[in-house]
Protein chains: 2
Amino acid sequence: MAKIKNSANGTKKETILEEAARLFYEKGFSATSMRDLAEQLGVEAASLYNHIHSKSEILKGICFRVAEAFMTRMEQVEMNNETALKKIEGLIRFHVQQMIHEYEYVHVSDGEWKHLAEPYLTEYQAQRRSYRKRFAALIEEGIRENQVKDIDPPTAVLIMLHAVGGIESWHRSKRKITAEQLEENMVTILVQGLCRNDQIK
Amino acid sequence: MAKIKNSANGTKKETILEEAARLFYEKGFSATSMRDLAEQLGVEAASLYNHIHSKSEILKGICFRVAEAFMTRMEQVEMNNETALKKIEGLIRFHVQQMIHEYEYVHVSDGEWKHLAEPYLTEYQAQRRSYRKRFAALIEEGIRENQVKDIDPPTAVLIMLHAVGGIESWHRSKRKITAEQLEENMVTILVQGLCRNDQIK
DNA sequence: CCTACCGATCGGTAGG
DNA sequence: CCTACCGATCGGTAGG
């Protein structure tokens with residue numbers, strides 16, 4: 001008669017999502033069974049269905065929470081009055097920080113979204129496309145302002161977004177530099193990789 | 001009484017690996033069943049076992065083929081007489097090219113290796129660690145030669161290896177720049193991101 | 001929250 | 001290469 005404890009920020013559903021993110025990160029969505037998840041939470045598999053409707057709904061919860069966090073940040077960045085290059089740097093720093101502190105959620109969202117059921121699959125892909133387009137628009141702006149090299153903006157976006165995924169390995173490694181050093185290294189390589197050489201101070 | 005046709009380079013086992021790579025790429029290893037694979041090849045699932053021993057063996061074949069290709073290239077690069085920076089550029093170009101032409105194999109190897117069975121899992125992880133260490137050593141060499149910025153070499157390796165993974169999205173996209181342009185964009189951002197600013201010609 | 005259980009599907013084998 | 005089939009496990013439901 002074990003009970004799922006409520007998570008810090010609230011409901012039991014929240015606790016389930018959190019543990020699911022950990023397991024999906026470790027073994028993948030398809031290789032994680034509802035019985036695996038229940039075991040980690042100390043209950044029977046059937047009991048989970050009092051809090052969630054399906055396995056698919058859990059994945060949906062994880063993916064859209066991440067998508068929303070990045071969308072919200074994108075809106076903030078677009079509205080501030082910095083140069084395009086500063087905006088890009090701000091986004092990269094946010095990606096790095098999210099990857100450091102919420103890497104299980106981010107990694108699951110990035111790697112397992114293809115297992116979403118319709119109509120969420122389509123919806124998620126649309127959000128992802130929109131985010132990338134807006135990121136690419138910032139890079140284009142940087143090129144017009146002569147701060148950024150004349151490169152293909154969508155390609156630059158792909159590099160930026162995937163590069164921060166490398167932080168996953170940082171989590172697994174023993175010999176760790178600090179999170180701050182990691183962030184600075186990322187910015188050094190990525191932002192200066194974008195930057196026109198005559199713009200580097 | 002359909003038959004699996006022999007692939008260009010030989011055996012039926014080869015044909016099976018090729019189709020499996022495509023399916024594992026599309027749906028993931030765990031979500032792909034032997035019946036899915038058999039259907040794509042036009043035979044019954046049981047027939048596959050005349051050519052391979054298990055589902056796990058297929059994954060092993062894919063992962064180790066990719067690992068071997070990169071290891072072989074690493075050895076070639078280490079032995080040539082270029083500067084460290086040129087060696088790094090050579091490796092990045094190889095990664096880009098592999099990602100363009102063999103992306104299903106590379107993507108499956110990068111994303112599904114965790115489903116390998118022992119002892120292959122341990123063996124694969126060891127190869128992967130070794131590759132990254134040797135890559136990091138080249139970056140260290142570049143720093144000593146004052147060609148590369150003073151950054152954390154293992155972090156730089158993570159960025160390089162993950163950044164090229166973005167090419168997956170290039171394959172899916174409609175509006176494509178050419179493979180050559182893609183390679184140049186990658187090198188521009190990544191190599192110059194590593195480069196000391198006073199070293200850029 | 002549990003016990004009991006469902007139909008479907010899984011990887012794989014036997015035997016021809 | 002196939003048919004026939006195995007035990008295990010899957011996501012999920014009924015009913016309390």
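Below, read A as the first sequence line, B as the second, and so on, with proteins coming before strands; counting in each chain starts at 1. It should be emphasised that the depicted structure is a prediction, and the values quoted were computed from it without experimental measurement.
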Just name whichever nucleotide pairs with D/dG7, Watson-Crick or G-U, keeping both distances under 3.5 Å, else none.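 With both distances under 3.5 Å, D/dG7 matches C/dC10.
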Only pairs with both distances under 3.5 Å count, Watson-Crick or wobble alike; so what is the partner of C/dC1 in this structure?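 Checking every strand shown, C/dC1 finds its partner in D/dG16, with both distances under 3.5 Å.
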Got a salt bridge between B/Arg22 and B/Glu18, using NZ or NE/NH1/NH2 to carboxylate O under 4.0 Å?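 Not counted as a salt bridge, because no side-chain N and carboxylate O are separated by less than 4.0 Å.
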Basic-acidic side-chain contact under 4.0 Å: A/Arg128, A/Asp110: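 Salt bridge present between A/Arg128 and A/Asp110.
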May I ask you to test the B/Asp36-B/Lys27 pair for a side-chain heavy-atom distance under 4.5 Å?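 The answer is yes; the side chains approach within 4.5 Å.
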Could you check which residues of residues 19-35 of chain B get a heavy atom under 4.0 Å from DNA chain C? Sort them by number, please.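 When residues 19-35 of chain B is checked for heavy atoms under 4.0 Å from DNA chain C, the hits, listed by number, are B/Thr32, B/Ser33, B/Met34, B/Arg35.
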Atom-pair distance ([atom1] on [X]; [atom2] on [N]), nearest Å:
| X | N | atom1 | atom2 | answer |
| --- | --- | --- | --- | --- |
| A/Glu57 | D/dT13 | CD | P | 12 Å |
| A/Tyr49 | C/dT3 | OH | C1' | 16 Å |
| B/Ile58 | C/dG12 | CD1 | P | 9 Å |
| B/Leu48 | C/dG12 | CG | P | 11 Å |
| B/His115 | C/dC10 | NE2 | C1' | 15 Å |
| B/Glu44 | C/dG15 | CD | P | 20 Å |
| A/Ile52 | D/dG12 | CD1 | C1' | 10 Å |

Would you say the rings of B/His95 and B/Phe70 are close, in the sense that their centroids are separated by under 6.0 Å?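 Ring centres of B/His95 and B/Phe70 closer than 6.0 Å.
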Looking at B/Phe29, B/Phe24, B/Tyr120, which one forms a ring pair (Phe, Tyr, Trp, His ring centres under 6.0 Å) with B/His115?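 Per the ring pair (Phe, Tyr, Trp, His ring centres under 6.0 Å) rule, the option paired with B/His115 is B/Phe29, out of B/Phe29, B/Phe24, B/Tyr120.
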Whichever of B/Asn50 and B/Ser56 has its nearest DNA chain C nucleotide further upstream toward 5':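 The answer here is B/Ser56.
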Tell me, please, whether B/Tyr124 has B/Lys114 positioned over its six-membered ring: NZ or CZ under 6.0 Å from the ring centre and within 45 degrees of its axis?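 Here B/Lys114 fails the 6.0 Å and 45° test against B/Tyr124.
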Checking contacts here: which listed nucleotide (C/dC1, C/dG12, D/dC1) is nearest the side-chain heavy atoms of B/His51?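 Given the options C/dC1, C/dG12, D/dC1, the side chain of B/His51 is closest to D/dC1.
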Selected nucleotide, minimal atom distance to B/Ser47 side chain, candidates D/dC1, D/dG12, D/dT3: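 The answer is D/dC1, which lies nearest to the side chain.
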B/Glu57 (side chain) donor-acceptor with B/His53 (main chain) under 3.5 angstrom: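 Yes; at least one donor-acceptor contact below 3.5 Å.
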Output yes when at least one side-chain N/O atom of B/Lys55 is less than 4.0 Å from OP1 or OP2 of C/dC10, else no.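 Answer no for this pair, as no side-chain N or O of B/Lys55 is under 4.0 Å from OP1 or OP2.
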